[in-house]
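Data first, discussion second: the structure below is written as C-alpha cells.
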Amino acid sequence: MKNIFEKSNGAQCTVFTDEALNVDFIDKKFLRTSATNLPEVSELELLRHYKELSDENFCIEKGFYPLGSCTMKYNPKVNEVLAALDGFNIHPAFADEDAQGSLELMYKLSEALKNITGMDGVTLQPAAGAHGELTGMMIIKKYFETKGEKRHKVIIPDSAHGTNPASAHMCGFDIINVKSNAKGQVDVEDLKNILDSDVAAIMMTNPNTLGLFEENVLEISNLMHENGSLLYYDGANFNAIMGHTNPKLMGFDVVHINLHKTFSTPHAGGGPGAGPVCVREELKEFLPVPVIEYDGKKYTRQYNLAHSIGKVRAYSGSFAIMVRAYAYILMMGSNLKHTSEDAVLNANYLKEKLKGAYLLPYDEPCMHEFVLSGEIQKEKYGVTTLHIAKRLMDGNTHPPTVYFPMIVHEALMIEPTESETKERLDEFVDTMLKIAKEAETNPEMVIDAPHTTPVKKIDEVLAARQPNLSFKQ
Ligand SMILES: *Cc1c(COP(=O)(O)O)cnc(C)c1O
C-alpha cells in the first residue's frame, strides 16, 4: 500500500494498493513525478468530519419521523446488502443475454406491482413520483390523440399534491379544480358541474392527502368513464391499502407508485427514487419502451409497442431501488396486508390521543395519516404550526409535514407508518401534549425553539441564497 501524496506532516488519507498503482500501460511521459500538493487530512480526521456531520443530521435511525405523505418507514438494512450484490453491478448498456438475472428481477417486480395495483402493464422507468405522474399523463394524452379526441382538461381536487397539477400542466392540459366537501372528500356535485366532453382525466389520491378514503370513488369512476374520460391514481402513498383493495377495483386506469415511499428505499434530501407506472390493458400500447418480456425461456427488452410515448429515462431506471423494492415485497409476502393494517391503526391511535389538544378539522376514521391544525394555538397564544414543528425537534422527533394540504389552515400532517412501537407512539403523544401545554403557559419556549439542535433558528432565505458548503468554520 502506498500513499501517493507523500505529505511530510503525516496526514494521509488516500491510499492505493500496489495493483492500483501498476500503471505500466500508461506512457511514462504522462506520469506524475512529484507529489500533487492537493489539500489532505488524515483518515482519522476525515472520519471525524463525516461522523460529526452525520451526528448533526436527523434520520429514522435516530428517532420518530412522522413526515406526512412521505412514508418515512423503516428500510430494512438487508436491502442495502442485496442492492450492492456484485451480480447486480452491471453496465447500464448491457446486452439482454448478459443480464438475464437483472431482467428477471425487473420482470418479477413488474408482475408483483401488477398484482398489488390490479393493473395489466408496467413501466419501471420513471425516476420519482412526479416523473411517474408526467409519464402517466403523457400516456393519457397520447391515448386521446390516437383516438382523435381533443380533450384538453384535467380535473384535480383542491387537496391534491402540488405535483399533480404541475405534471398535467407540463403535458399541456388545462387544470380544473374540483372542491372538497365538508367531509374532506371530492364534492361529487361539483364534479358533475365541471364534467364535459373536454375532460381527459381526473387525478385522484386515495386515501387523499387528508388521510381519508374517498367514499364516492366508485360513483366518481362511473361518472368519468361514462363521460369517456380516464382516471389517474396518485399512488405515492400506497401504504394504507396494500392487500385490501387496489386502484383497479376503484375504477382507475393509470397508477404511479413511489417505490421509495411504500416499498422501502431510504429517501428525502433529493436522493434517488423510482415511480413505476401501471396501466390497464387498453393503455399498455402507450407505455414507454423498452418493456420487459418473458417467453418462458428468456427475458428481453421489447421496443415494438404500437403507440409508445418513447423513453422517459436513460437506460433501465433506478435499478438498485428496484432490487430493494423487490426484496422488500418478497420478504413481506402476504404480510403487506398487515403492514397496511398497522400503518392505519397507528395513525388512528395518534389521532385519537391528540385530537383533544389540537384541532382535528376532519374528525373521521383516517387511513395511514391524519391532519391536525395548529389554529387554536395560533389564535390564542401566537404559537404557529411552524413553531410547534421546530419545538418537536427538541424532543428528538422530525417535524410532521406542515402547511399542507392547503385546505387546512396551520396544517400538521402526521404519518407514523407501521414501523413504530406503541412506546414510540406514546412518547410522541407526550411530546405533542407537552408542547400544547407550553403554548398555553410558556409560549416563548415554543416560539424560540429549537433549543437543543446543532443549528438553531435559521435564516432560510440566506441559507438558500448563500449556502455555506465548506467544512471549514
Ligand atoms: C411524494 C408524493 C408525490 C411526489 O413524489 P416524488 O417522488 O417526491 O416526486 C406525489 N404525490 C403524493 C401524494 C406524494 O405524497
Side-chain angles (χ1 to χ4, degrees), residues 65-73 75 113 117 123-138 154 156-171 175 180 184-186 201-214 217 231-242 247 250 252 254-278 312-313 317-318 320-322 324-325 340 343 347 366-371 398 400-408 411-417:
Y65 209 136
L67 192 63
S69 207
C70 294
T71 314
M72 304 304 284
K73 62 165 71 175
N75 308 299
L113 294 179
T117 59
T123 175
L124 298 173
Q125 276 178 40
H131 194 200
E133 291 170 27
L134 183 71
T135 305
M137 295 318 285
M138 286 166 74
V154 167
I156 300 181
D158 54 8
S159 62
H161 197 269
T163 49
N164 290 186
S167 304
H169 184 72
M170 278 184 79
C171 289
I175 312 303
S180 300
Q185 304 185 15
V186 169
I202 187 170
M203 292 181 91
M204 279 178 71
T205 311
N206 195 21
N208 65 26
T209 61
L210 293 165
L212 303 175
F213 192 85
E214 295 278 353
V217 66
L231 289 95
Y232 183 95
Y233 184 92
D234 178 337
N237 307 137
F238 221 81
N239 217 34
I241 64 162
M242 290 184 293
M250 298 179 214
F252 287 88
V254 186
V255 183
H256 90 261
I257 289 188
N258 279 24
L259 292 186
H260 48 290
K261 287 180 182 168
T262 312
F263 298 99
S264 91
T265 282
H267 58 293
V277 172
C278 313
V312 296
R313 177 111 199 267
S318 308
I321 291 183
M322 297 171 203
R324 291 176 175 98
S340 288
C366 67
M367 299 295 284
H368 63 298
E369 65 190 0
F370 62 102
V371 181
H398 194 286
T401 298
V402 293
Y403 298 103
F404 178 77
M406 263 124 76
I407 55 172
V408 173
L412 287 147
M413 186 194 216
I414 298 168
E415 179 182 11
T417 83

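Bear in mind the structure is a predicted one, so any value in this text is a computation, not a measurement. In listed order, ligands and their atoms are each counted from 1.
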With sequence neighbours excluded, what pairs up with [X] under the side chain to side chain donor-acceptor pair (under 3.5 Å) test?
X	value
Thr117	none
Ser264	Asn79
Asn208	Glu214

- Query: Are a donor atom and an acceptor atom from the side chains of Arg313 and Ser318 found within less than 3.5 Å of each other?
  - Reply: yes
- Message: For the residue pair Ser69 / Asn237, report whether a side-chain donor-acceptor contact shorter than 3.5 Å exists.
- Response: yes
- Near ligand 1, which residues have a heavy atom under 4.0 Å away from one of its atoms? Ser69, Ala128, Gly129, Ala130, Glu133, His161, Thr163, Asp234, Ala236, Asn237, Asn258, His260, Lys261
- Query: Would you say the side chain of Met203 lies within less than 4.5 Å of the side chain of Val154, judging by non-hydrogen atoms?
  - Reply: yes
